[in-house]
Asker: 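Got a structure for you, written out below as structure tokens; questions coming shortly.
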Amino acid sequence: MEFFRIKKDIPFMRHALVFNIISLITFVLAVFFLATRGLHLSVEFTGGTLVEVTYTEAPQLEPIRSALATSGYPDAQVQNFGSARDVLIRLPNRDDLDTAKMSERTMATLQSVGATPELRRVEFVGPQVGKELASDGAMALLLVIFGIVVYLAVRFEWRFAVSAIIANLHDVVIILGFFAFFQWEFSLPVLAAVLAVLGYSVNESVVVFDRVRETFKKKRGLTTPEVLDHAITSTISRTVITHGSTQMMVLAMLLFGGETLHYFAMALTIGILFGIYSSVLVASPLVMWLGVSREQFMKPKKEKEEAVV
Amino acid sequence: MNRYPLWKNILIGLVLILGLIYTLPNFYGEVPAVQVSSGKATLKLDASLNGTIEQTLRDAGIEHTGLFIDVNSIRVRVANTDVQLRAKDVIEKRLNPDPRDPSYVVALNLLSASPNWLTAIHALPMYLGLDLRGGVHFLLQVDMPGAITKRLDATAADLRTLLRDKNVRHAGITREGNNVVLRFRDAEQREAARRAVAGSTADLQLADRDDSADDLRLVATLSQAAQKNIRDFAIKQNITTLHNRINELGVAEPVIQQQGVDRIVVQLPGVQDVAKAKDILGRTATLEVRLVDETPGALEGALAGSVPLGTEIYNERGGSPILVRNQVVLTGDRLTDAQPGFDGQTHEPAVHLTLDAAGSRIFRDVTRENVGKRMAILLIEKGKGEVVTAPVIRTEIGGGRVQISGRMTTQEASDVALLLRAGSLAAPMEIIEERTVGPSLGAENIAKGFHSTLWGFVAIAIFMSVYYMLFGLVSVIALAANLLLLVALLSLLQATLTLPGIAAMALTLGMAIDANVLINERIREELRNGVSPQAAIHAGYERAFDTILDSNITTLIAGIALLVFGSGPVRGFAVVHCLGILTSMFSAILISRMLVNIIYGRRRKLESVSIGQIWKPGN
């Protein structure tokens with residue numbers, strides 16, 4: 001079997017401008033939604049208490065809400081989680097409440113309403129922890145960007161490093177844009193997924209750049225766009241198959257992983273899809289416009305030859 | 001050309017066998033067990049206890065399937081949960097004759113059912129996180145500013161005593177924020193005070209501040225080193241105290257660790273009663289110093305039932321009852337430190353206590369008036385007291401430095417010091433994070449994680465085998481080896497596996513196939529260009545290597561960033577992700593190459609390889 005039967009190099013670079021405009025539009029939309037709607041941050045970042053319980057029979061949510069309101073939590077959010085029998089209660093942190101006792105009081109309130117539910121999960125995050133997690137997340141992102149730029153600059157060329165990181169940050173922003181648009185819950189595992197995707201998509205750019213370097217060295221007489229076209233065309237089969245395989249795994253998580261892994265897998269799915277697009281069709285034009293050329297790869301070799309002569 | 005030297009094949013084989021051995025324990029499941037650990041800081045587990053437990057079980061007619069000893073606990077493996085409960089009861093009765101004052105923690109636990117030889121080489125199943133096995137996780141914040149303030153208040157009192165003893169006249173000593181301010185009327189007295197303070201302690205840094213001609217001040221601040229000591233001491237003492245308290249919960253494998261400078265993580269697997277756990281964590285214990293009633297006949301009378309007015313009976317550590325006066329001479333609030341050491345003259349092991357200024361004064365007065373009598377040091381917790389030690393007062397003791405010695409081994413001295421320190425919390429603590437996971441959710445999470453990985457793997461395996469034929473199969477075997485090595489590594493390191501960790505495992509497998517896709521595509525490409533099969537295999541692996549290395553390093557950079565800055569679920573993800581990248585490099589390149597070499601490497605004339613259809617332009 002061979003999916004890709006390509007006779008000639010596909011002239012990707014001819015449409016570079018189109019690709020970049022598409023990118024720009026998605027990017028601007030993502031930023032717009034991030035700015036207007038904001039992320040629906042999980043309790044880990046905002047601080048607060050989350051109680052998940054399961055009943056033997058589907059309970060009415062309204063009595064639970066009113067019971068919580070009368071026992072001092074008018075701002076409690078009560079909703080079903082996964083199935084009608086599972087109930088998720090979110091309580092924001094408030095200065096006037098003893099936060100450490102919130103989970104017990106919630107359970108006591110639930111028991112007073114009707115059937116005693118089984119406690120599945122409690123998460124309480126104090127206000128200072130939430131802030132730290134948010135800043136740690138930002139630091140991790142910066143470290144990833146810095147690490148990747150330095151590595152690519154050393155291993156390839158600064159032009160590659162810059163375009164790879166721009167292309168992939170644009171992925172990150174787009175993932176966040178999706179989360180903002182649909183108001184999906186942004187939790188710590190999702191953050192992990194976003195950063196993993198960042199590393200993974202840079203992967204993609206690296207594979208293409210590797211080919212670019214090789215083509216520059218091996219084939220003389222090609223213009224820079226032709227070199228890029230050749231590199232992309234000869235790696236496209238691998239790109240699609242690899243991402244397809246990874247997506248199969250992610251799909252399995254989406255199908256079998258349950259609620260906890262749902263948004264994690266969702267972030268990965270978006271990341272993988274946009275990762276293909278951006279690392280191939282955004283990074284490469286950027287490299288071209290930053291002025292990559294054969295000389296940047298040939299210099300060391302020439303010196304060597306002279307030395308031999 | 002496509003052959004590995006023998007050593008390389010053997011090496012890869014060995015790695016795989018090791019991987020298999022260390023993965024094995026995960027397949028055996030768990031059996032019920034009873035775990036015995038020490039319930040008191042002064043009590044160490046030893047080999048004799050081992051015999052006692054075995055004897056107890058034999059007497060009760062209970063069979064066990066293995067008895068394991070490590071530094072902190074003795075574990076007895078039994079056949080089923082009924083036997084487990086019976087075994088727990090008989091051991092509990094035998095080891096803790098007085099249920100109100102347990103010496104040992106006897107808890108129910110689960111142990112790996114793997115054969116003993118695996119356990120002997122430390123091949124253990126993966127260590128499951130709380131989200132997979134159920135339990136409670138707390139993050140406690142120690143109030144360090146509170147600890148420092150407490151010390152500064154004590155310092156202010158110490159300085160007052162010091163200056164009075166040295167006859168230095170001052171116009172007031174107060175704590176202002178994080179400083180202790182000493183006021184003087186003239187520079188001469190200030191100079192004298194400076195000398196006195198500098199001579200008595202190295203913890204304080206002194207600076208002059210003149211607000212007006214007749215308001216001269218000496219501002220004392222704690223040196224950085226002293227502040228660090230206070231913080232270290234506070235967190236250590238709090239951890240020790242937590243240990244003692246959690247022992248009462250009978251948790252099999254509690255985790256109590258320092259996190260960062262001023263935080264403590266407490267993890268209690270299997271505990272569902274959060275309210276009780278919180279209650280126990282938040283409780284305070286107190287230390288008291290009282291005098292012993294040594295009136296002849298009083299103790300005998302008390303034991304017979306008529307306790308003299310104003311006294312109480314307590315048990316001394318080691319057993320014998322002792323009659324103690326109700327009046328409290330000193331409480332633990334006055335104790336600033338307790339350290340094990342040696343007696344200056346007799347070189348016997350001793351415990352050195354440091355009291356604050358007020359405590360020192362009281363202690364001096366009491367000891368002066370009671371030379372030759374006995375003094376009891378009690379630890380009171382949950383309204384239940386125990387006499388830690390009851391030494392005889394030999395001389396008047398001033399200066400706030402008290403030494404307890406006599407009939408102690410070095411070990412006992414350090415244990416008593418620990419216990420005295422552990423009696424109360426050095427600084428208040430607050431719960432800033434809590435996670436509770438019920439056992440049913442834990443089991444469900446394992447099943448979900450397992451199914452995701454399994455079905456994802458099956459899908460990839462089918463696709464790869466169909467698309468790349470034999471080379472695809474080789475890739476799948478390499479991927480399976482990757483999973484094997486990853487699980488082995490996680491088992492070996494006993495890294496905590498969480499649900500995000502399982503997700504990372506699945507994701508890493510999904511990403512790891514990239515290396516084999518790169519290699520296989522390269523080989524196809526070489527074949528397409530008309531290179532001979534052997535040369536194509538060689539070139540495919542050689543050329544793909546650089547790309548694989550580069551792409552894995554960028555992924556690893558992201559993984560490491562997560563590891564450095566991640567906490568909780570993110571860290572669980574990052575650990576598995578990073579390890580997975582390393583194992584995937586090994587398996588995707590070396591193992592798959594070895595298999596290909598074994599299949600094709602020895603054939604001289606290789607016409608074609610099974611890598612699926614190669615489509616050539618122009619066909």
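The chains referred to below are lettered A, B, ... by the order of the sequence lines, with proteins before strands, and numbering in each begins at 1. Basis for what follows: all heavy atoms, side chains included, without hydrogens, waters or symmetry-related copies.
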Asker: Parallel, tilted or perpendicular: which fits the ring planes of F256(A) and H451(B), with parallel below 30° and perpendicular above 60°?
Answerer: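 The arrangement is tilted - the two ring planes meet at 30° to 60°.
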Asker: Go through M511(B), H137(B), M464(B) and name the one with the most non-hydrogen pairs under 4.5 angstrom from chain A.
Answerer: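 Looking at each option in turn, the highest pair count goes to M511(B).
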Asker: To the nearest 0.5 Å, how far apart are CD in E204(A) and CG in D171(A)?
Answerer: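 It is 10.5 Å, given to the nearest 0.5 Å.
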Asker: Name the region of L251(A), side chain, backbone, both or neither, that has any atom closer than 4.5 Å to a heavy atom of chain B.
Answerer: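 The answer is neither part of L251(A).
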Asker: Looking at chain A, which one of D550(B), T554(B), I557(B) has the largest number of heavy-atom pairs inside 4.5 Å, strictly under?
Answerer: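 Highest number of heavy-atom pairs under 4.5 Å: D550(B).
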Asker: Under 4.5 Å from any heavy atom of chain B, what part of V207(A) do you find: side chain, backbone, both or neither?
Answerer: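 Its backbone and side chain both get close to chain B.
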Asker: Say you draw a straight line from CD1 of I581(B) to NE2 of H577(B); how long is it, rounded to the nearest 0.5 Å?
Answerer: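 The NE2 atom of H577(B) is 4.0 Å from CD1 of I581(B), to the nearest 0.5 Å.
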Asker: Which one of G47(A), G126(A), A140(A) has the most heavy-atom pairs closer than 4.5 Å to chain B?
Answerer: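 The option with the most such pairs is A140(A).
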Asker: What part of E214(A) gets within 4.5 angstrom of chain B, counting heavy atoms only: side chain, backbone, both, or neither?
Answerer: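 Only the side chain of E214(A) comes within 4.5 Å of chain B.
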Asker: Under a 4.5 Å heavy-atom cut-off, does chain B meet the side chain of D210(A), its backbone, both or neither?
Answerer: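 D210(A) touches chain B through side-chain heavy atoms alone.
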Asker: Strictly under 6.0 Å, is that where the ring centroids of H243(A) and Y200(A) end up?
Answerer: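 That pair passes the under 6.0 Å test.
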Asker: So for V125(A), is it side chain, backbone, both, or neither that comes closer than 4.5 Å to the heavy atoms of chain B?
Answerer: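 Its backbone and side chain both get close to chain B.
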Asker: What part of N520(B) is in contact with chain A, defined as an atom under 4.5 angstrom from a non-hydrogen atom: side chain, backbone, both or neither?
Answerer: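 Neither; nothing under 4.5 Å.
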Asker: At a 4.5 Å cut-off on heavy atoms, which part of R120(A) comes close to chain B: side chain, backbone, both, or neither?
Answerer: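 The answer is both parts of R120(A).
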Asker: Could R238(A) and Y467(B) be counted as a cation-pi pair, given that NZ or CZ must be under 6.0 Å from the ring centre and within 45° of the axis?
Answerer: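 So R238(A) doesn't make the cation-pi contact.
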Asker: Please flag which part of L255(A) lies under 4.5 Å from any non-hydrogen atom of chain B: side chain, backbone, both or neither.
Answerer: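 For L255(A), neither part sits under 4.5 Å from chain B.
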Asker: Output all residues satisfying side chain to side chain donor-acceptor pair (under 3.5 Å) with S587(B), sequence neighbours left out; order by chain, then residue number.
Answerer: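 Scan of S587(B) (side chain to side chain donor-acceptor pair (under 3.5 Å), adjacent residues dropped) gives none.
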Asker: Quick one: pull up OG1 in T436(B) and CD in E52(A) and give me the separation to the nearest 0.5 Å.
Answerer: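 It comes to 12.0 Å.
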Asker: What distance separates Q267(B) CD from F138(B) CZ, expressed to the nearest 0.5 Å?
Answerer: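 The distance works out to 11.0 Å.
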Asker: At a heavy-atom separation under 4.5 Å, does L141(A) approach chain B through its side chain, its backbone, both, or neither?
Answerer: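 Interface part for L141(A): neither.
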Asker: Counting heavy-atom pairs closer than 4.5 Å to chain A, which one of A512(B), A447(B), A558(B), G572(B) comes out on top?
Answerer: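 Among the listed options, the one with the most contacts to chain A is A558(B).
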Asker: Taking only Lys NZ, Arg NE, NH1 and NH2, and the carboxylate oxygens of Asp or Glu, determine whether R435(B) and E433(B) approach each other closer than 4.0 Å.
Answerer: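 Yes, charged N to carboxylate O under 4.0 Å.
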Asker: If we define contacts as heavy-atom pairs under 4.5 Å, which of A574(B), S551(B), G456(B) has the most with chain A?
Answerer: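 Result: the option with the highest number of such pairs is S551(B).
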Asker: Quick one: pull up CD in Q111(A) and CE in M107(A) and give me the separation to the nearest 0.5 Å.
Answerer: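 Going from the CD atom of Q111(A) to the CE atom of M107(A) covers 5.5 Å.
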Asker: Examine whether an atom of F156(A) lies under 4.5 Å from a heavy atom of chain B, and if so say whether it belongs to the side chain, the backbone or both; otherwise answer neither.
Answerer: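 F156(A) touches chain B through side-chain heavy atoms alone.
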Asker: Only pairs of heavy atoms separated by less than 4.5 Å count here; which of R522(B), R543(B), Q141(B), E444(B) has the most with chain A?
Answerer: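 That would be R522(B).
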Asker: Out of P500(B), A506(B), A459(B), return the one with the most heavy atom pairs under 4.5 angstrom to chain A.
Answerer: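 The option with the most such pairs is A506(B).
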Asker: Can you tell which part of L142(A) gets under 4.5 Å to a heavy atom of chain B, answering side chain, backbone, both or neither?
Answerer: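 Interface part for L142(A): neither.
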Asker: With a 4.5 angstrom heavy-atom cut-off, is it the side chain or the backbone of F457(B) that approaches chain A, or both, or neither?
Answerer: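 For F457(B), backbone and side chain are both near chain A.
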Asker: Would the F186(A) and Y263(A) ring centres measure less than 6.0 Å apart?
Answerer: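 They do not qualify: ring centres at least 6.0 Å apart.
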Asker: With a 4.5 angstrom heavy-atom cut-off, could you sort out which part of I513(B) is near chain A: side chain, backbone, both or neither?
Answerer: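 Contact with chain A is through the side chain of I513(B) alone.
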Asker: So, R263(B) and E132(A), do they make that salt bridge, N to O below 4.0 Å?
Answerer: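 Salt bridge between R263(B) and E132(A), a charged N being under 4.0 Å from a carboxylate O: yes.
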Asker: Taking atom CG of L518(B) and atom CD1 of I241(A), what is their separation to the nearest 0.5 Å?
Answerer: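 Result: 10.5 Å between the selected atoms.
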Asker: Does any heavy atom of chain B fall under 4.5 Å from the side chain of L198(A), the backbone, both, or neither of them?
Answerer: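 When you check distances to chain B, no heavy atom of L198(A) falls under 4.5 Å.
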Asker: Out of T235(A), T239(A), T246(A), return the one with the most heavy atom pairs under 4.5 angstrom to chain B.
Answerer: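 Of T235(A), T239(A), T246(A), T246(A) has the most heavy-atom pairs under 4.5 Å with chain B.
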Asker: Select, from T242(A), D136(A), V144(A), V122(A), the one with the greatest count of heavy-atom pairs under 4.5 Å involving chain B.
Answerer: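 It is V122(A).
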Asker: Quiz question: by atom type and distance under 3.5 Å, do the side chains of E123(A) and T49(A) form a donor-acceptor pair?
Answerer: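 On atom types as modelled, these side chains do not qualify, holding no pair under 3.5 Å.
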